[in-house]
Protein chains: 2
Amino acid sequence: MDYEHTCKIRGDGGRTLRAILDQICNKWTLLVVATLDQGTLRFGDLHQQVPGISQRMLTLTLRNLERDGLVLRTVYAEVPPRVEYALTAVGKSLIPPALALATWAIEHVPGIEARRADQKPSRGTA
Amino acid sequence: MDYEHTCKIRGDGGRTLRAILDQICNKWTLLVVATLDQGTLRFGDLHQQVPGISQRMLTLTLRNLERDGLVLRTVYAEVPPRVEYALTAVGKSLIPPALALATWAIEHVPGIEARRADQKPSRGTA
DNA sequence: CGGAATCCCTTCGGATACTG
DNA sequence: CAGTATCCGAAGGGATTCCG
């Protein structure tokens, strides 16, 4: 009975879990959320602080987050356009779980990658 | 300074985090891991207990988990083939972070989905 | 500055059929 | 039983171009 908690994961066949996985697994979402944890940032700031992201993907990621109520988008009607993004309460609440995953990653990914590297060369028990 | 912990997420530009995200985001991995939290299971058991998964995807998912050392695969050389799968210590260690995510999902996904439903029809403040 | 639109390649993943 | 192989459509996501 030490596994009854996994019903939270398996619960409805994983539908609920997957709803969020579909959102955060898109390669950039968690990075953007983590970056916004600093506080309000402009589009350009985000573009710089999330290394490697394209304008397109940043826009799409932010739009999805806004749609889901994790991010608040504020447009200022100024001459040089200014748009600011900030996490909502729901958005902030995603940080701890994300952090749990990141902590796990820091601890285990190096070993996993070493293992992968080991298997490619000879693949045997040699 | 309440956001310095996000360095764990953003750390290396998210490379470490993404290494695990790439693994768990493939739609079935977390379900399989959660199912295996019960204990050792055979291929057929998993196929039944993970609703909707195809043989192909179950095989691929298990192979990836085995490669990364999260799952141990044991083949018995019997007349009707028998293969058992079990979580390794590393695999088990993934449960808590996954559970954190699942808990978040249970709490917030309903609201998110309601919000999505709201935006499709009129999309306005109507 | 902050996008939107288009193009296009890669990957994911479902369905099906075959095998030891 | 426990896969493997093939086909194929859908989605992810990068590069580039254009716009208010």
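Order of the sequence lines fixes the chain letters, A, B, ..., with proteins taken first and strands second; residue numbering starts at 1 for each chain. All values reported here derive from a predicted model rather than from experimental measurement.
Backbone-only engagement by A:Y85 is indicated by non-hydrogen atom pairs under 4.0 Å involving sugar-phosphate atoms exclusively. Contact annotation for B:P80: no contact, since no heavy-atom pair falls under 4.0 Å across all strands.
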So which protein N/O to nucleotides 11-18 of chain D N/O distances come out below 3.5 Å?
from: D:dG13; atom 1: OP1; to: A:N26; atom 2: O; distance (Å): 3.1
from: D:dG13; atom 1: OP2; to: A:N26; atom 2: O; distance (Å): 3.0
from: D:dG13; atom 1: N7; to: A:R56; atom 2: NH2; distance (Å): 2.6
from: D:dG14; atom 1: OP1; to: A:K27; atom 2: NZ; distance (Å): 2.5
from: D:dG14; atom 1: OP2; to: A:W28; atom 2: NE1; distance (Å): 3.1
from: D:dG14; atom 1: N7; to: A:R56; atom 2: NE; distance (Å): 3.4
from: D:dG14; atom 1: O6; to: A:R56; atom 2: NE; distance (Å): 3.2

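Atom CG in B:L41 sits about 11 Å away from atom P in D:dA2, given to the nearest Å. B:L62 places its CG atom 11 Å from the C1' atom of D:dG3, with the value rounded to the nearest Å. In this entry the distance linking CZ of A:F43 with P of D:dC19 reads 18 Å, nearest Å.
Looking only at distances, a side-chain donor or acceptor of A:N26 sits under 3.5 Å from a matching main-chain atom of A:Q23.
Both A:L62 and A:V75 sit in one connected hydrophobic cluster of ILVMFWY residues. Membership requires side-chain heavy atoms under 4.5 Å apart, directly or through other members. The same ILVMFWY cluster, assembled from side-chain heavy atoms under 4.5 Å apart, contains both A:I112 and B:I20. A continuous path of ILVMFWY side-chain contacts below 4.5 Å connects B:V90 to A:L101, so both sit in one hydrophobic cluster. Cluster membership for B:L72 and B:V50, using ILVMFWY side-chain heavy atoms within less than 4.5 angstrom, is not shared. Residues B:I106 and A:I9 are members of separate hydrophobic clusters, defined by side-chain heavy-atom contacts under 4.5 angstrom among Ile, Leu, Val, Met, Phe, Trp and Tyr.
Evaluated for a side-chain contact (heavy atoms from CB on, under 4.5 Å) with B:R63, the options B:T61, B:L65, B:L60, B:T59 yield exactly one hit, B:T59.
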(request) Tell me, with the steps shown, if A:R115 and B:D68 meet salt bridge (Lys or Arg N to Asp or Glu O under 4.0 Å). (result) CA-CA 7 Å; A:R115 188 192 170 92; B:D68 290 352; over 6 Å; no
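Looking at heavy atoms from C-beta onward, B:L31 lies out of side-chain contact with B:I53 at the 4.5 angstrom threshold. Put simply, the side chain of B:W28 does not reach to within 4.5 Å of the side chain of B:L58, judged on heavy atoms.
Contact footprint of chain A on DNA chain C: nucleotides with an atom under 4.0 Å from a non-hydrogen protein atom, first to last in 5' to 3' order, C:dC1 to C:dT6.
Where the helix from C:dC1-D:dG20 to C:dG20-D:dC1 starts and where it ends, the local axes point in directions that differ by 40°; five pairs per end, rounded to 10°.
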